[in-house]
2 protein chains.
Amino acid sequence: MSCTTTLKNKGLKLTPQRRLILNIIHESGGHLTAEEILDYVHARVPGVNKSTVYRTLELLEELGCVYKSELGDRFIYHHAEEGHHHHLVCRACGKSIDCDEDVFLPVERALDKKYGFQAHFKHMVMSGLCAECRDKG
Amino acid sequence: MSCTTTLKNKGLKLTPQRRLILNIIHESGGHLTAEEILDYVHARVPGVNKSTVYRTLELLEELGCVYKSELGDRFIYHHAEEGHHHHLVCRACGKSIDCDEDVFLPVERALDKKYGFQAHFKHMVMSGLCAECRDKG
DNA sequence: TTTATAATTGCAACTGGTTGCACCAACAAT
DNA sequence: ATTGTTGGTGCAACCAGTTGCAATTATAAA
Ligand SMILES: [Mn+2]
Ligand SMILES: [Mn+2]
Ligand SMILES: [Zn+2]
Ligand SMILES: [Zn+2]
């Protein structure tokens, strides 16, 4: 479902500020921090308040329109309708490998079967050792 | 390996402040926020500075002595030598289900096989729908 | 012991992000 | 058209957590 209809279905409004923030995340193709988004917003419409931006990001995440992922020491935002994938980040060399979205299917099935729990793993960022760094160290 | 030897092996010191923080996390049995840890530290030794506490928590996490997990809107610290498990948190009713640590083994094996990437999933907190709430909604 | 080196802490200033609140805009009911 | 209600924004004060730095401590070399 599109962000626009998700908002409307909940009686929420697609204000100019929200449209602007959604456009910025969408055009970027993913991986913007809140601070970067705030900068882009100010570059286009200087008057928008930072609390509006942070509140909008929180709202969009709760609605499932964007995903928030912990990447190293910061958080990045990713449009939910972009191509789905995960990231493997090497803690030794810092390299990031794109990862197929299906690797978590066995976990989702096991959690459902054992606990009746319905979980979805979206745009996960995993820290670990890449093949090269593992062979060295 | 124990925290003490991990520190010594890296030329780092087990100062009274660090020992105190480790004891607090260990005795709690897990799930303390940084702010709660800071409060417990001040209750025992009022002079310790907050920057020391935050820097110590960051250090212990990097060393792998404690795990930091995102639980809802806050972060909790968990002693690495406590019993290993994960948490399933229902986003509808808030209930937390303890989860077997082995559920991520298929993912760890798949990442290793497909990408040569070595990842370890420790004390994960997963958001989703529990059985009861799924049946209702 | 004396000196050099590196680790650690406390302090104070700073910053990213949050919160309470008054005002404003959209919309529905009368 | 008027009123009532709900949602959204800007503003300013606030707070948790970070950072730079000088002073302190432990350790090792001379
Ligand atoms: Mn991505
Ligand atoms: Mn736990
Ligand atoms: Zn690597
Ligand atoms: Zn539930």
Side-chain angles (χ1 to χ4, degrees), chain A residues 3-25 31-77, chain B residues 3-25 31-63 65-78:
Chain A
C3 302
T4 313
T5 52
T6 305
L7 284 166
K8 279 193 180 156
N9 288 350
K10 300 234 173 189
L12 304 172
K13 292 163 190 170
L14 184 59
T15 63
Q17 292 93 331
R18 288 178 180 171
R19 191 190 305 273
L20 173 60
I21 291 165
L22 275 169
N23 281 342
I24 287 169
I25 297 177
H31 307 145
L32 292 181
T33 65
E35 212 171 351
E36 288 167 338
I37 293 169
L38 181 58
D39 287 343
Y40 283 123
V41 166
H42 279 161
R44 297 208 210 166
V45 184
V48 178
N49 194 268
K50 63 177 176 178
S51 58
T52 301
V53 173
Y54 285 108
R55 280 190 284 230
T56 300
L57 290 174
E58 192 182 357
L59 175 72
L60 293 174
E61 195 210 346
E62 281 168 5
L63 292 175
C65 296
V66 306
Y67 301 138
K68 182 184 183 184
S69 316
E70 196 179 3
L71 178 55
D73 57 347
R74 62 197 201 280
F75 284 94
I76 54 165
Y77 290 86
Chain B
C3 302
T4 313
T5 53
T6 304
L7 285 166
K8 280 193 179 155
N9 289 349
K10 300 234 173 187
L12 304 173
K13 294 162 192 173
L14 184 60
T15 63
Q17 292 93 331
R18 288 178 180 170
R19 190 190 306 274
L20 173 60
I21 292 165
L22 275 169
N23 281 342
I24 287 170
I25 297 177
H31 308 145
L32 292 181
T33 64
E35 212 172 351
E36 289 166 337
I37 293 168
L38 182 57
D39 287 343
Y40 284 122
V41 166
H42 279 161
R44 297 206 209 166
V45 185
V48 178
N49 193 269
K50 63 176 176 179
S51 59
T52 301
V53 173
Y54 284 109
R55 280 190 284 230
T56 299
L57 290 174
E58 192 184 356
L59 175 73
L60 293 174
E61 195 210 346
E62 282 168 5
L63 293 174
C65 295
V66 306
Y67 301 138
K68 182 184 182 184
S69 316
E70 197 178 3
L71 177 56
D73 57 347
R74 61 195 201 284
F75 284 94
I76 54 165
Y77 291 86
H78 190 273

>> Starting the side chain at C-beta, find the nucleotide from C:dA26, C:dT9, D:dG10 nearest to B:Thr15.
In response: C:dT9

> Among C:dG17, C:dG10, D:dT9, which nucleotide sits nearest the side chain of A:Glu35?
Replying inline: C:dG17

Using whole Å, report how far [atom1] of [X] lies from [atom2] of [N].
X       : N      : atom1 : atom2 : result
A:Asn49 : C:dT18 : CG    : P     : 13 Å
A:Leu14 : C:dA26 : CG    : P     : 13 Å
B:Ile21 : C:dT8  : CD1   : P     : 12 Å
A:His42 : D:dT9  : NE2   : P     : 13 Å
B:Glu36 : D:dG17 : CD    : C1'   : 16 Å
B:Asp73 : C:dG16 : CG    : C1'   : 17 Å
B:Leu59 : C:dT9  : CG    : P     : 9 Å
B:Glu62 : C:dA7  : CD    : C1'   : 15 Å

Phosphate contact ([N] OP1 or OP2) by [X] side-chain N/O below 4.0 Å:
X       : N      : answer
B:Ser51 : D:dT19 : no
A:Tyr54 : C:dG17 : yes
A:Thr52 : D:dG10 : yes

> Atom CZ of A:Arg18 and atom CG of A:Leu12: how far apart are they, to the nearest 0.5 Å?
Replying inline: 6.0 Å

> In Å, rounded to the nearest 0.5 Å, how long is the span from CZ of A:Arg19 to NZ of A:Lys13?
Replying inline: 14.0 Å

> How are the rings of B:His78 and B:Tyr67 set to each other: parallel, tilted or perpendicular (split at 30° and 60°)?
Replying inline: parallel

>> What contact category does A:Arg18 fall into here, base, sugar-phosphate, or nothing, at under 4.0 angstrom with non-hydrogen atoms?
In response: sugar-phosphate

>> Using a distance-only criterion (donor-acceptor N/O pair, under 3.5 Å, no hydrogens), is the base of C:dG16 paired with the side chain of A:Lys50?
In response: no

>> Given the structure, check if the side chain of B:Arg55 and the base of C:dG10 hold any donor-acceptor pair shorter than 3.5 Å.
In response: yes

> How far apart are the closest heavy atoms of B:Ile24 and B:Arg44, and which atoms are they?
Replying inline: CG1-NH2, 3.8 Å

> What pair of heavy atoms forms the shortest contact from A:Leu57 to A:Val66, and how long is it?
Replying inline: O-CG2, 4.4 Å

